[in-house]
Amino acid sequence: MPTVAIIGAQWGDEGKGKITDYLAEKADAVVRFQGGNNAGHTIVIGDSVFKLHLLPSGVLRKDKLAVIGNGVVVNFADMAEEVKQIEDAGLGIDGLRISDRAHLIMNYHKKLDGAEEVYRGNASVGTTKKGIGPTYQDKIARYGFRAGDLLEPELIREKTKFLLPMKKDLMKLMGSETCNCSEDDFAERLIGWGQKYGKYICDTSVLINDMLDEGKNILFEGAQGAMLDIDHGTYPYVTSSSTVGGGICSGAGVAPNRIQKVVGCLKAYTTRVGEGPFVTELEGAEEEELQKKGGEFGVTTGRGRRCGWLDLVVAEHAARLCGITSWAITKLDVLNGYEKIKVCVGYEIDGKVEKHFPASIAKLERAKPVYEEFDGWEDWEDSEALVSAGMDSLPENMQKYIRFIEEYTGIPADIISIGPKRSETIDRTSGWWN
């Protein structure tokens with residue numbers, strides 16, 4: 001039962017989409033286990049660029065299943081736009097499967113998400129306003145809509161009579177723009193989704209476990225990153241789901257002993273979107289340079305990402321929580337041309353150096369990064385030639401940088417990404433599905 005999981009080791013935007021797409025070549029199914037369309041990923045295939053938010057990256061691979069697990073929250077209206085993008089490129093979604101237990105994002109969730117951010121004022125957590133948090137709130141409150149409900153029109157109408165008036169009252173209370181649709185129109189829209197996408201809805205836990213029993217290769221794809229985990233991230237500046245290794249089990253419906261290899265996607269520097277502490281964050285021209293070189297603008301929001309040096313305190317935290325067995329280091333090429341490059345190896349807090357990531361936001365705001373400094377490296381002309389020759393052909397100072405990450409964390413860098421294309425990937429393993 002070969003399984004590989006890919007989890008972001010920072011605050012998201014680590015390049016998981018490319019790494020997932022790369023490893024999906026020999027996978028029989030790619031499974032998303034948490035999050036929603038608040039997490040965007042860009043995949044470059046030849047001259048085609050795909051910007052996906054909800055659909056698993058594996059949907060772009062032929063003859064594979066792309067599974068949306070029960071831990072994901074699904075916006076069918078927005079998903080339709082991604083489906084169109086794929087179909088316009090001459091590809092299909094025949095392999096799509098959606099858990100009948102996945103909760104659904106409604107328009108009122110999006111309106112309430114925006115209203116809550118306004119209500120928080122200076123305490124805003126910087127959500128994407130995609131309705132993710134309010135949908136998970138409904139899930140925990142035990143009155144959300146699930147994908148399986150779309151196959152039962154009478155159940156949809158029954159839930160609508162209860163939920164829609166309550167949500168309209170809540171929107172008024174929160175000062176939000178209200179939904180003007182009638183109960184009948186609302187229910188018919190959901191029933192229409194069931195008619196259009198019902199053939200893709202099933203018990204994905206049974207599907208995944210049956211495939212594992214048959215010896216099929218399963219790739220689990222996380223959204224966002226470990227530092228946005230609802231329990232272990234920079235709370236309250238986090239997402240509403242479990243982004244760490246344990247989230248695979250609850251969000252996909254598989255047991256812990258099914259997970260074999262965990263790839264931590266680690267960007268060669270650090271970024272985050274939205275509010276919250278960021279110890280290695282750069283300022284002014286330095287940040288703008290890194291932001292521009294890395295194209296650090298959100299796929300989902302279009303917002304410029306906050307940028308800083310690589311933080312190995314964060315990497316250690318993610319590795320411990322997720323059981324990371326390999327690093328996939330991405331966007332190393334973005335650091336080409338820097339004279340000096342820094343790496344954070346500790347936080348100085350109140351005169352003491354901390355090696356582990358603290359829970360206290362107040363401590364993080366007082367923290368000063370303890371840096372190791374490295375000589376930079378120059379650009380190159382032919383990425384594919386470097387890939388063919390392997391890691392030993394990379395600039396010597398880049399190799400030192402990679403080896404320092406490996407030695408500090410005790411985890412091998414088995415994938416080295418030196419560009420956005422599939423072909424710009426150095427794979428140092430003998431095989432992921434052995």
Apply salt bridge (charged side-chain N to carboxylate O under 4.0 Å, His left out) to the pair Glu81 and Lys84, showing each step before the final yes or no. CA-CA 5 Å; Glu81 297 179 10; Lys84 184 178 185 302; over 6 Å; no
Over 12 foreign heavy atoms within 6.0 Å of [atom1], [X]:
{"X": "Arg189", "atom1": "CZ", "answer": "no"}
{"X": "Glu214", "atom1": "CD", "answer": "yes"}
{"X": "Asp88", "atom1": "CG", "answer": "yes"}
{"X": "Asp169", "atom1": "CG", "answer": "yes"}
{"X": "Lys421", "atom1": "NZ", "answer": "no"}
{"X": "Tyr143", "atom1": "OH", "answer": "yes"}
{"X": "Glu406", "atom1": "CD", "answer": "yes"}

Is there a side-chain contact between [X] and [Y] in this structure, where contact means two heavy atoms from C-beta onward sitting under 4.5 Å apart?
{"X": "Lys368", "Y": "Tyr347", "result": "no"}
{"X": "Ile248", "Y": "Ile7", "result": "yes"}
{"X": "Tyr401", "Y": "Leu310", "result": "yes"}
{"X": "Val263", "Y": "Asp414", "result": "no"}
{"X": "Tyr371", "Y": "Val343", "result": "no"}
{"X": "Arg428", "Y": "Ile416", "result": "yes"}
{"X": "Leu112", "Y": "Leu170", "result": "yes"}
{"X": "Met174", "Y": "Glu116", "result": "yes"}

Just checking, is any N or O donor in the side chain of [X] or [Y] under 3.5 Å from an acceptor N or O on the other one?
{"X": "Lys111", "Y": "Thr178", "result": "no"}
{"X": "Lys139", "Y": "Thr135", "result": "no"}
{"X": "Asp184", "Y": "Ser182", "result": "no"}
{"X": "Trp11", "Y": "Thr271", "result": "no"}
{"X": "Asn37", "Y": "Asp78", "result": "yes"}
{"X": "Asp229", "Y": "Tyr235", "result": "no"}

Is there a donor-acceptor pair under 3.5 Å between the side chain of [X] and the backbone N or O of [Y]?
{"X": "Lys64", "Y": "Gly95", "value": "no"}
{"X": "Lys16", "Y": "Gln224", "value": "yes"}
{"X": "Gln10", "Y": "Leu266", "value": "no"}

So, taking the atom named [atom1] in [X] and the one named [atom2] in [Y], what distance separates them when rounded to the nearest 0.5 Å?
{"X": "Glu25", "Y": "Trp432", "atom1": "CD", "atom2": "CH2", "result": "14.0 Å"}
{"X": "Glu354", "Y": "Ile349", "atom1": "CD", "atom2": "CD1", "result": "5.0 Å"}
{"X": "Ile230", "Y": "Ser242", "atom1": "CD1", "atom2": "OG", "result": "9.5 Å"}
{"X": "Arg258", "Y": "Cys249", "atom1": "CZ", "atom2": "SG", "result": "11.0 Å"}
{"X": "His103", "Y": "His109", "atom1": "NE2", "atom2": "NE2", "result": "9.5 Å"}
{"X": "Lys293", "Y": "Lys331", "atom1": "NZ", "atom2": "NZ", "result": "11.5 Å"}

What salt bridge (charged side-chain N to carboxylate O under 4.0 Å, His left out) pairs are there with at least one residue in residues 196-211, not counting sequence neighbours?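 Passing the test, one end in residues 196-211: Arg101-Asp203.
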Pair Arg305-Asp13, salt bridge (charged side-chain N to carboxylate O under 4.0 Å, His left out): steps then yes or no: CA-CA 9 Å; Arg305 299 183 184 122; Asp13 309 307; 3.2 Å; yes
Evaluate the side-chain contact (heavy atoms from CB on, under 4.5 Å) criterion for residues Ile19 and Ile415: first the C-alpha distance (whole Å), next the side-chain angles of each, then the deciding distance (0.1 Å), finally the verdict. CA-CA 8 Å; Ile19 303 303; Ile415 294 178; 3.9 Å; yes
If you measure from the Lys or Arg side-chain nitrogens to the Asp or Glu carboxylate oxygens, is any gap between Asp311 and Lys342 under 4.0 Å? no
Excluding sequence neighbours, so at least two apart, what forms side-chain hydrogen bond (donor to acceptor under 3.5 Å, both in side chains) with Gln85?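 If we apply the side-chain hydrogen bond (donor to acceptor under 3.5 Å, both in side chains) test to Gln85, skipping adjacent residues, there are no hits.
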Check the pair Lys292, Glu287 against salt bridge (charged side-chain N to carboxylate O under 4.0 Å, His left out), reporting the backbone distance first and the verdict last. CA-CA 9 Å; Lys292 186 178 294 185; Glu287 182 175 44; over 6 Å; no
Ring centers of Tyr338, Trp309 separated by less than 6.0 Å: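 Yes, they do, as the ring centres are separated by less than 6.0 Å.
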Test the Lys168-Tyr108 pair against the cation-pi criterion, namely NZ or CZ under 6.0 angstrom from the six-membered ring centroid and within 45° of the ring axis.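 Verdict for Tyr108: no cation-pi partner in Lys168.
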Could you walk me through whether Lys159 and Glu152 pass salt bridge (charged side-chain N to carboxylate O under 4.0 Å, His left out), step by step? CA-CA 11 Å; Lys159 279 192 169 185; Glu152 301 184 51; over 6 Å; no
Whether His232 and His317 hold their rings parallel, tilted or perpendicular, with breakpoints at 30° and 60°: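 Perpendicular: the ring planes of His232 and His317 meet at over 60°.
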Option passing side-chain hydrogen bond (donor to acceptor under 3.5 Å, both in side chains) with Arg306 (candidates Glu296, Glu281, Glu283):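 Among Glu296, Glu281, Glu283, the one that satisfies the side-chain hydrogen bond (donor to acceptor under 3.5 Å, both in side chains) with Arg306 is Glu281.
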